Amino acid sequence: MAETTIPMLPCRTSLIDSVVAFYSALGFDTTYLQKSPYAYAVVERGAVELQLYGMKEYDPASSHSGCYVLTEDVDGLHTAFRAGLKAAYGRVPTRGLPRIGPLKDMSYGVRQFLVTDPTGNTVRIGQPISEDPNHRPAPKETFARALHMADLFADSKQDLPGAAKIIDRVLGLTDEEPTPVQRLRLLVLRGDIAQRMGEAERATELLEEAEAVPLDAAERASAGDALARLAELRD
């Protein structure tokens, strides 16, 4: 017998329509929607089903709820989701609520991006890029570890000041130097965080510094995701 897990995610009652519209922009079909006696919606995209239940006093800004979706085409979904959001909102939302994050190869063996709906639920979409299915310990090398931890603080913990502190510390080291690709990734992530924290001037400085990092052809190829994010943040 096959079992299926269906995530049930909270939703501020007054936002049920905007949340359903958000998932529609991502290509989900609304298969059920009620507003009385309480708000409840079901959205489906292929084999992925999400159920959303209303809560009158739910605070999207403090939400930590979400789920993880595994796929065999994370790049294709990222492209499709961005296109759908741009068509629906007139732009690709990358800050605030709702938002979609960049594609990243994570140190724990998946390529993933995060998408957060108007009520604060974060859906992580990932594709394994390693044959090792086990969770791995954090990298030990200074700058690889900093990138790993800053990503976790910024996205999983939603602790932007904590992520900024990690990056600022390692970029201020005088006895160790990151590789050019590591420096680029750290600066782009720090600039992204600064933008999300509303620090526009600081973000501009960091992204200009990232643009100035010299890379050879092989380095540019390995830093493709960071360079794409840099271009997006500078747009």
Side-chain angles (χ1 to χ4, degrees), residues 60-61 63-64 66 74-75 77-79 81-83 85-86 89-108 110-118 120-126 138-139 142-173 178-215 219-235:
S63 172
H64 293 282
V74 69
D75 287 75
L77 281 182
H78 189 252
T79 298
F81 283 9
R82 284 175 55 89
L85 291 172
K86 186 172 184 178
Y89 293 92
R91 61 182 179 85
V92 178
T94 59
R95 300 192 299 275
L97 295 174
R99 64 179 178 270
I100 185 170
L103 270 171
K104 295 180 183 180
D105 290 344
M106 308 304 292
S107 58
Y108 42 85
V110 295
R111 179 168 174 77
Q112 72 174 23
F113 69 96
L114 279 61
V115 60
T116 304
D117 70 21
N121 297 307
T122 296
V123 181
R124 290 167 168 78
I125 297 96
T142 300
F143 301 100
R145 183 179 179 84
L147 281 164
H148 170 88
M149 297 303 298
D151 270 326
L152 291 180
F153 271 62
D155 293 329
S156 296
K157 291 187 66 177
Q158 300 291 311
D159 181 355
L160 298 180
K165 184 176 180 180
I166 291 169
I167 297 174
D168 290 342
R169 184 187 69 79
V170 295
L171 286 178
L173 293 176
T179 68
V181 171
Q182 287 175 328
R183 182 178 294 280
L184 173 74
R185 289 176 174 159
L186 287 163
L187 288 168
V188 170
L189 179 55
R190 184 63 180 88
D192 193 348
I193 291 167
Q195 278 199 7
R196 289 166 63 181
M197 293 175 65
E199 301 171 348
E201 186 174 337
R202 177 64 173 143
T204 298
E205 294 173 355
L206 289 158
L207 298 175
E208 287 179 350
E209 187 176 350
E211 283 188 327
V213 174
L215 300 174
E219 289 167 337
R220 292 188 69 83
S222 70
D225 289 338
L227 290 170
R229 184 59 170 170
L230 174 58
E232 181 178 67
L233 293 169
R234 294 285 285 159
D235 188 2

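Treat the numbers as computed from the prediction; the structure is a model and nothing was measured.
Distance check: Thr122 OG1 to Arg99 CZ gives 5.5 Å after rounding to the nearest 0.5 Å. Within the model, atoms CD of Gln195 and CD1 of Ile193 stand 11.5 Å from one another, a figure rounded to the nearest 0.5 Å. Atom CD of Glu209 sits about 10.5 Å away from atom CG of Leu184, to the nearest 0.5 Å. Note that CD1 of Ile167 is 9.0 Å distant from CG of Asp192, once rounded to the nearest 0.5 Å. In this structure, CG on Leu152 lies 11.0 Å from CG on Leu147, to the nearest 0.5 angstrom. Put simply, CG on Asp151 and OG on Ser107 are 7.5 Å apart, with the number rounded to the nearest 0.5 Å.
Residue Gly191 comes nearest to Leu207 through the heavy atom pair CA-CD2, 4.0 Å, listed as atom of the first residue, atom of the second, then distance. The two atoms that bring Ala154 and Arg196 nearest to each other are O-NH2, 3.5 Å, heavy atoms only. Scanning both residues, Pro98 and Asp117, for their nearest heavy atoms gives CB-C, 3.9 Å. Of all heavy-atom pairs between Arg185 and Ser222, the closest is NH2-O, 2.7 Å. The shortest heavy-atom contact between Leu227 and Arg220 is CD1-O, 3.6 Å. Taking every heavy atom of both residues into account, Ala194 and Leu206 meet most closely at CB-CD1, 4.2 Å.
Within the 4.5 Å cutoff, no side-chain heavy atoms of Asp225 are placed close to those of Arg229. Between Arg183 and Phe143 there is no side-chain heavy-atom pair separated by less than 4.5 Å. Using a 4.5 Å cut-off on side-chain heavy atoms (C-beta onward), Val123 and Phe81 make no contact. Considering only heavy atoms from C-beta on, Asp75 comes within 4.5 Å of Arg111 through its side chain.
Salt bridge absent: Asp155 and Arg124 never bring a charged side-chain N and a carboxylate O closer than 4.0 Å.
Around atom CZ of Arg234, more than 12 heavy atoms belonging to other residues, nucleotides or ligands sit under 6.0 Å away.
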Original post:
What do the steps show when you test Leu171 against Leu187 for side-chain contact (heavy atoms from CB on, under 4.5 Å), and what is the final call?
Top reply: CA-CA 9 Å; Leu171 286 178; Leu187 288 168; 3.8 Å; yes

**OP:** Report the C-alpha distance between Lys104 and Leu189 in whole Å, list the side-chain angles of each, state the deciding distance to 0.1 Å, and finish with yes or no for side-chain contact (heavy atoms from CB on, under 4.5 Å).
**Re:** CA-CA 11 Å; Lys104 295 180 183 180; Leu189 179 55; 3.7 Å; yes

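Without hydrogens or angle criteria, His78 side chain to Gly101 main chain gives a donor-acceptor distance under 3.5 Å. Checking side-chain atoms of Arg82 against main-chain N and O of Thr79 turns up no donor-acceptor pair under 3.5 Å.
Applying the side chain to side chain donor-acceptor pair (under 3.5 Å) rule to pairs touching residues 197-206 yields nothing, sequence neighbours excluded.
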